[in-house]
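Just so you know, these numbers use all the heavy atoms, side chains as well, and skip hydrogens, waters and symmetry mates. In what follows, residues are counted from 1 in the order of the sequence shown.
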Amino acid sequence: QIQLVESGGGLVQAGGSLRLSCAASGRIFRINRMAWYRQVPGKERDLVASISDESTNYADSVKGRFTISRDNAKNTAYLQMNTLKPEDTAVYYCKAHVMPISSRMEYSYWGQGTQVTVSS
């Protein structure tokens, strides 16, 4: 069983910073891509940032403020969020594209989400 566990969410004032972590565990052969999404009530889950061995990508709304990184040895991805704005308030979800040891096919897994609230 492969699991993703997010941490690092919380309440912060506008202009502040938070760092989210997403740790993958289980019988993992390889993680090809990891990404952060966010969702507010009544809206779709939107891509915030993604990272693979070849590239990183960001939503226009977070470029220059957020940085995604990963530690392959720890199967962990991070999202450093700086200069936070009230409109960044959402539940943030981690997604990983994983090749399990048992299969060697790629499957997608989601974390449980972590709340980020930015006060004005």
Do [X] and [Y] come within less than 4.5 Å of each other through their side chains, counting heavy atoms only?
X      : Y     : value
Pro100 : Ile2  : yes
Val40  : Thr89 : no
Ser69  : Gln80 : no
Gln3   : Ser25 : yes
Leu20  : Tyr78 : no
Thr67  : Tyr58 : yes
Ile68  : Met81 : no

**Asked** Is the closest basic N to carboxylate O distance between Lys63 and Asp60 below 4.0 Å?
**Response** yes
**Asked** Hey, is Arg65 close enough to Asp88 for a salt bridge, meaning N to O under 4.0 Å?
**Response** yes
Compare every heavy atom of [Y] with every heavy atom of [X], then report the nearest pair and how far apart it is.
X      : Y     : result
Ile31  : Arg70 : O-NH2, 2.8 Å
Leu4   : Ala96 : CD1-N, 3.7 Å
Met34  : Asn75 : CE-O, 4.3 Å
Ser120 : Ala14 : CA-CB, 4.4 Å

**Message:** If we count only N and O atoms by modelled type, under 3.5 Å, do the side chains of Gln39 and Asp46 hold a donor and an acceptor together?
**Reply:** no
**Request:** Please step through side chain to side chain contact (heavy atoms under 4.5 Å, CB included) for the pair Asn32 and Glu106, ending with a clear verdict.
**Result:** CA-CA 8 Å; Asn32 291 326; Glu106 184 178 285; 2.6 Å; yes
Linking I/L/V/M/F/W/Y whenever their side-chain heavy atoms sit closer than 4.5 Å, directly or via other members, would [X] and [Y] fall into one cluster?
X      : Y      : answer
Val5   : Trp110 : no
Met99  : Ile28  : no
Tyr37  : Val91  : yes
Ile101 : Val98  : no

**Request:** Kindly compute the distance separating CD1 (Ile51) from CG (Asn57), expressed to the nearest 0.5 Å.
**Result:** 10.0 Å
**Complete:** Interatomic distance, CD@Glu87 vs OG@Ser61, rounded to 0.5 Å, equals 8.5 Å
**Item:** Row check, Tyr93 ring normal vs Arg38 NZ/CZ: under 6.0 Å, within 45°
**Value:** no
**Asked** Side chain of Glu6, backbone of Gly113: donor and acceptor closer than 3.5 Å?
**Response** yes
**Message:** Given Ser17, which partner from the list Thr83, Asn82, Val12 fulfils the side-chain contact (heavy atoms from CB on, under 4.5 Å) test?
**Reply:** Asn82
**Prompt:** Which of these passes side-chain contact (heavy atoms from CB on, under 4.5 Å) with Leu18: Thr117, Val118, Val116?
**Reply:** Val116
**Request:** Determine, step by step, whether Thr76 and Asp71 satisfy the side-chain hydrogen bond (donor to acceptor under 3.5 Å, both in side chains) criterion, reporting the C-alpha distance in whole Å, the side-chain angles of both residues, the deciding distance to 0.1 Å, and the verdict.
**Result:** CA-CA 5 Å; Thr76 299; Asp71 184 334; over 6 Å; no
**Asked** Can we call the ring centroids of Phe66 and Trp36 under 6.0 Å apart?
**Response** no
